[in-house]
2 protein chains.
Amino acid sequence: MAVNPSKHLEVREKLAQAQKLDPRVEALVNQVIARVADKWTMIILDVLAEHGELRFTQLSKLVAGISQKMLTQTLRAMERDGLVIRTIHPVVPPKVEYRLTDLGLGLGAAFCGVWIWAEQNLNAIDQARKDYDTRAATTRHPNCL
Amino acid sequence: MAVNPSKHLEVREKLAQAQKLDPRVEALVNQVIARVADKWTMIILDVLAEHGELRFTQLSKLVAGISQKMLTQTLRAMERDGLVIRTIHPVVPPKVEYRLTDLGLGLGAAFCGVWIWAEQNLNAIDQARKDYDTRAATTRHPNCL
DNA sequence: CGGGATCCTTATGGATACTG
DNA sequence: CAGTATCCATAAGGATCCCG
């Protein structure tokens, strides 16, 4: 857990590569990130990557706390961005299935590193929060020391 | 750009590995993702990864459209999560510097893939949106055909 | 079943003014 | 300089009802 200066440079280099120093590209990338960096978008992306193809109701169950409104809304946005394909089967009762496009699959793969990081650093974050809160509590009354 | 079925499986496998099928871990990861999947958090993360150590005003300029309120708020949250270190130099005028922790650096590296993806697929997303909007416009009046 | 439309509450976030 | 505090507008999002 020691600070490794070369690690900093390594990461900085990677990120510099990622945007190739072009400010216009950077702005566009920021925009895309902002669009895609949505709680529900990422969770839906993950669920679809896991299960392959799902119906609306299946999704609503697998995504846990999502409301039907947000599910519809997010799926529409993802479809518009070319991340998912919406297939309507003209039967009764209606059957609509969602699956990732190659684009969506690629994004899922790209996010893979973040998921792994999140899993591996859950405890570290939890501990950091506790430490922060403790520090905040003690420094709030300096005169008590 | 042809659909490669093995690609699907590959991604699914990676994502399955990432959460090891434990539902509790999955829920926690979702929570972390939701916390970290914030527009400003990711952009600040990126800027700090690029520049190493920055003062408040420098950050506010580099992050572009951010308000001072959101900058403070996001930096505090990131500090609490153990992603950044806030160093206060007891001088006048005040000087406060922010830099990423190892944890933050790790997250930056994990997000690297997403940045690259975003950059590489900007045009694809743009095109997908245009297509979607065109389709929506034409299918809105089926009787015109 | 898969949503669309509506209402209503809460959260987000910008602008401004003030402070150590 | 680096914030905090406050006000206020808008957007996000949940609950509910309804329809093909």
Side-chain angles (χ1 to χ4, degrees), chain A residues 30-31 33-44 47-48 51 53-81 84-99 132 135-136 139-143, chain B residues 30-31 33-44 47-48 51 53-80 84-99 132 135-137 139-143:
Chain A
N30 282 353
Q31 194 184 324
I33 290 286
R35 166 62 260 288
V36 149
D38 172 66
K39 181 188 173 184
W40 296 130
T41 300
M42 289 202 300
I43 297 180
I44 291 174
V47 169
L48 282 176
H51 297 83
E53 189 157 28
L54 290 170
R55 301 180 60 174
F56 188 86
T57 320
Q58 292 179 304
L59 269 171
S60 69
K61 285 170 188 170
L62 286 168
V63 178
I66 198 169
S67 67
Q68 161 263 10
K69 179 181 176 179
M70 286 316 296
L71 182 55
T72 306
Q73 207 169 101
T74 310
L75 283 172
R76 287 288 180 283
M78 291 176 75
E79 188 193 358
R80 181 167 182 267
D81 288 343
V84 303
I85 295 275
R86 179 165 172 262
T87 312
I88 309 165
H89 299 89
V91 296
V92 284
K95 181 175 180 178
V96 180
E97 287 188 315
Y98 295 88
R99 65 178 172 85
Y132 182 91
R135 261 179 290 146
T139 56
R140 203 174 321 181
H141 309 294
N143 45 343
Chain B
N30 281 352
Q31 192 185 323
I33 291 287
R35 167 61 258 290
V36 149
D38 171 66
K39 179 188 172 186
W40 297 130
T41 299
M42 288 202 299
I43 296 180
I44 290 174
V47 170
L48 281 176
H51 296 82
E53 189 158 26
L54 291 170
R55 300 180 61 174
F56 187 85
T57 320
Q58 292 179 304
L59 270 170
S60 68
K61 285 170 187 169
L62 286 168
V63 178
I66 198 170
S67 68
Q68 157 263 24
K69 179 182 176 179
M70 288 315 296
L71 181 56
T72 305
Q73 207 171 98
T74 310
L75 282 172
R76 288 287 180 282
M78 291 176 76
E79 188 193 359
R80 181 167 182 266
V84 303
I85 297 275
R86 179 164 171 263
T87 312
I88 309 165
H89 299 89
V91 296
V92 285
K95 180 176 181 178
V96 180
E97 287 188 315
Y98 296 87
R99 65 180 173 83
Y132 182 90
R135 260 179 291 145
T139 56
R140 205 175 316 182
H141 308 293
N143 45 344

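Residue numbers start from 1 in every chain, and the chains themselves are labelled A, B, ... in the order their sequence lines are given, proteins ahead of strands.
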Boundaries of the DNA chain D segment in contact with chain A, non-hydrogen, under 4.0 Å:
D:dG13 to D:dG20
Can you give one letter per nucleotide of nucleotides 11-20 of chain C, 5' to 3': B if a protein heavy atom sits under 4.0 Å from the base, S if only from the sugar-phosphate, - if neither?
--BBB----B
Without swapping roles, check the side chain of A:H89 against the backbone of A:K95 for a donor-acceptor pair under 3.5 Å.
yes
Any heavy-atom pair between the side chains of [Y] and [X] that's under 4.5 Å?
X     : Y     : result
A:Q58 : A:K61 : no
B:R55 : B:V96 : no
B:Y98 : B:L59 : yes
B:E79 : B:I85 : no

Please determine whether side chain to side chain contact (heavy atoms under 4.5 Å, CB included) holds for the pair A:Q68 and A:F56, giving the CA-CA distance in whole Å, both sets of side-chain angles, and the decisive distance to 0.1 Å.
CA-CA 9 Å; A:Q68 161 263 10; A:F56 188 86; 4.0 Å; yes
What is the separation between atom CG on A:L75 and atom P on C:dC1, rounded to the nearest whole Å?
17 Å
Applying the side chain to side chain contact (heavy atoms under 4.5 Å, CB included) criterion to A:V63, which one of A:I44, A:L54, A:T74 satisfies it?
A:I44
Can you tell me how far CZ of B:R99 sits from CZ of B:R86, rounded to the nearest 0.5 angstrom?
14.0 Å
Does C:dG3 have its OP1 or OP2 closer than 4.0 Å to a side-chain nitrogen or oxygen of A:Y98?
yes
